[in-house]
Engineer: 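The following block contains the structure, expressed as structure tokens.
One-based numbering along the sequence shown.
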Amino acid sequence: MATIRDVSAAAGVSPTTVSRVMNGQDAEHVGEDTRQRVLEAAERLGYRPSAAARALVGGRTRTVALLSSPVVYTTWFAIVVEETQKILDDHGYHLLLVPGGHEDELRELLRERRVDAAIWARYPVERATELADAIVAPHQRVVGVGSIGTSRPPPCCVAWWDDAVGTRQAIDHLAALGHRGIAYLPGPPSALTLWPNMLAAFERACEAHGLSLIH
């Protein structure tokens with residue numbers, strides 16, 4: 001297995017230069033020609049920097065923890081996990097699933113900087129604020145996903161079902177694509193009362209675009 005010294009020898013640069021290039025810290029210190037030589041040498045030798053070493057250098061683990069539901073793995077949660085994994089894969093991050101009921105473990109992962117972000121996928125979403133005090137680095141984030149019981153948690157990023165702004169943006173996008181009829185399928189009848197903001201946003205956005213709404 002190739003080492004950083006193998007790459008530095010092949011590229012004719014110092015190990016420090018290789019480290020800067022591989023960790024994306026080369027903008028102000030390394031010329032473009034040198035950067036290309038390092039990248040080509042690394043590719044040719046099959047060199048891959050240690051994830052642990054990169055975490056020490058950049059202060060990031062490139063890992064995101066997702067707190068699951070303590071009850072059952074519903075279809076909804078399975079979709080959340082699958083889509084989260086896809087997004088993280090696209091950006092070179094890893095997903096760590098934390099079982100429901102292990103909030104203390106998730107809090108420690110943040111405090112010890114073993115994860116860059118924590119996703120709270122439990123009801124109610126506003127309880128995600130319980131993790132906010134565990135953030136110890138500027139790049140760390142807490143994200144809530146799901147239904148809000150009483151109010152949106154201010155310290156956290158939130159993706160929740162009763163989101164009027166997100167709903168309007170989705171309708172605007174569909175209208176721009178040329179769709180003329182929109183179906184609102186919230187699920188059981190109780191959802192109409194659980195998520196009134198979403199329905200109202202659907203109705204206003206469809207009216208603004210002259211679209212027909214079916215629900």
Engineer: Tell me whether the count of non-hydrogen atoms from other residues, nucleotides or ligands lying under 6.0 Å of CD in Gln36 goes above 12.
Structural biologist: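 Counting neighbours around CD of Gln36, more than 12 heavy atoms of other residues, nucleotides or ligands fall under 6.0 Å, so yes.
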
Engineer: How many angstroms lie between CD1 in Ile171 and CD in Glu207, if you round to the nearest 0.5 Å?
Structural biologist: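 If we round to the nearest 0.5 Å, Ile171:CD1 and Glu207:CD are 13.0 Å apart.
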
Engineer: Leu97, Val80: one ILVMFWY side-chain cluster at the under-4.5 Å cut-off?
Structural biologist: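 Yes: a chain of side-chain contacts under 4.5 Å links Leu97 to Val80.
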
Engineer: Among all residues two or more places apart in sequence or in another chain, which pass the side-chain contact (heavy atoms from CB on, under 4.5 Å) test with Asp89?
Structural biologist: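 side-chain contact (heavy atoms from CB on, under 4.5 Å) list for Asp89, sorted by chain: Gln85.
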
Engineer: Does His91 offer a backbone N or O that forms a donor-acceptor pair with the side chain of Arg62 under 3.5 Å?
Structural biologist: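 Yes; judged by distance alone, with no hydrogens or angles, the pair exists.
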
Engineer: Leu110 and side-chain contact (heavy atoms from CB on, under 4.5 Å): which partner among Val142, Asp133, Val136?
Structural biologist: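 Considering Val142, Asp133, Val136, a side-chain contact (heavy atoms from CB on, under 4.5 Å) with Leu110 is found only for Val142.
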
Engineer: Just to verify, what does Arg114 make a salt bridge (charged side-chain N to carboxylate O under 4.0 Å, His left out) with, not counting sequence neighbours?
Structural biologist: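 Result, salt bridge (charged side-chain N to carboxylate O under 4.0 Å, His left out) vs Arg114: Glu112.
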
Engineer: If I compare all heavy atoms of Arg180 with all of His209, which pair ends up nearest, and what's the gap?
Structural biologist: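 Of all heavy-atom pairs spanning Arg180 and His209, the closest is NH2-O, 3.2 Å.
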
Engineer: How long is the gap from CG on Leu39 to CZ on Arg37, to the nearest 0.5 Å?
Structural biologist: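 Here the interatomic distance stands at 11.0 Å.
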
Engineer: Side-chain contact, heavy-atom cut-off 4.5 Å: Leu174 with Leu211?
Structural biologist: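 Leu174 vs Leu211: side chains apart.
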
Engineer: To the nearest 0.5 Å, how far apart are CD in Glu203 and OG1 in Thr167?
Structural biologist: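 One finds 11.5 Å between CD of Glu203 and OG1 of Thr167.
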
Engineer: Does any part of the side chain of Leu131, heavy atoms only, come nearer than 4.5 Å to the side chain of Trp120, both counted from C-beta?
Structural biologist: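 Contact flag for Trp120/Leu131 side chains = yes.
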
Engineer: My understanding is that only residues two or more places apart in sequence, or in another chain, count here; which of them pass side-chain contact (heavy atoms from CB on, under 4.5 Å) with Val64?
Structural biologist: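 In terms of side-chain contact (heavy atoms from CB on, under 4.5 Å), with neighbours along the sequence ignored, Val64 is linked to Leu88, Tyr93, Ala117, Ile119.
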
Engineer: Please find the pair of heavy atoms, one from Arg35 and one from Val21, that lie closest to each other, and give the distance.
Structural biologist: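 Closest heavy-atom pair between Arg35 and Val21: CG-CG1, 3.7 Å.
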
Engineer: Partners of Glu108 by salt bridge (charged side-chain N to carboxylate O under 4.0 Å, His left out), sequence neighbours excluded?
Structural biologist: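 Residues passing salt bridge (charged side-chain N to carboxylate O under 4.0 Å, His left out) with Glu108: Arg111.
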
Engineer: Any side-chain heavy atom of Leu66 sitting closer than 4.5 Å to one from Val145?
Structural biologist: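 SC-SC contact between Leu66 and Val145 ruled out.
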
Engineer: Provide the closest heavy-atom pair for Ala41 versus Ala10 in the form atom of the first, atom of the second, distance.
Structural biologist: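 Here Ala41 and Ala10 meet closest at CB-CB, 4.0 Å.
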
Engineer: Nearest 0.5 Å please: distance from the CG atom of Leu67 over to the CD atom of Glu105.
Structural biologist: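 Result: 9.5 Å between the selected atoms.
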
Engineer: Kindly compute the distance separating CD1 (Ile4) from CG (Leu45), expressed to the nearest 0.5 Å.
Structural biologist: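 Answer rounded to 0.5 Å: 12.0 Å.
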
Engineer: Asp116 and side-chain hydrogen bond (donor to acceptor under 3.5 Å, both in side chains): which single residue from Gln140, His139, His94 fits?
Structural biologist: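 Result for side-chain hydrogen bond (donor to acceptor under 3.5 Å, both in side chains) with Asp116: His139.
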
Engineer: Partners of Asp90 by salt bridge (charged side-chain N to carboxylate O under 4.0 Å, His left out), sequence neighbours excluded?
Structural biologist: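 Listed in chain order: nothing, the list is empty.
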
Engineer: Quick one: salt bridge (charged side-chain N to carboxylate O under 4.0 Å, His left out) partners of Glu83, sequence neighbours excluded?
Structural biologist: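 Partners of Glu83 by the salt bridge (charged side-chain N to carboxylate O under 4.0 Å, His left out) criterion, ordered by chain and then number, come out as Lys86.
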
Engineer: To the closest 0.5 Å, what do you measure between CG (Leu109) and CG (Leu96)?
Structural biologist: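 Separation between the atoms: 6.0 Å.
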
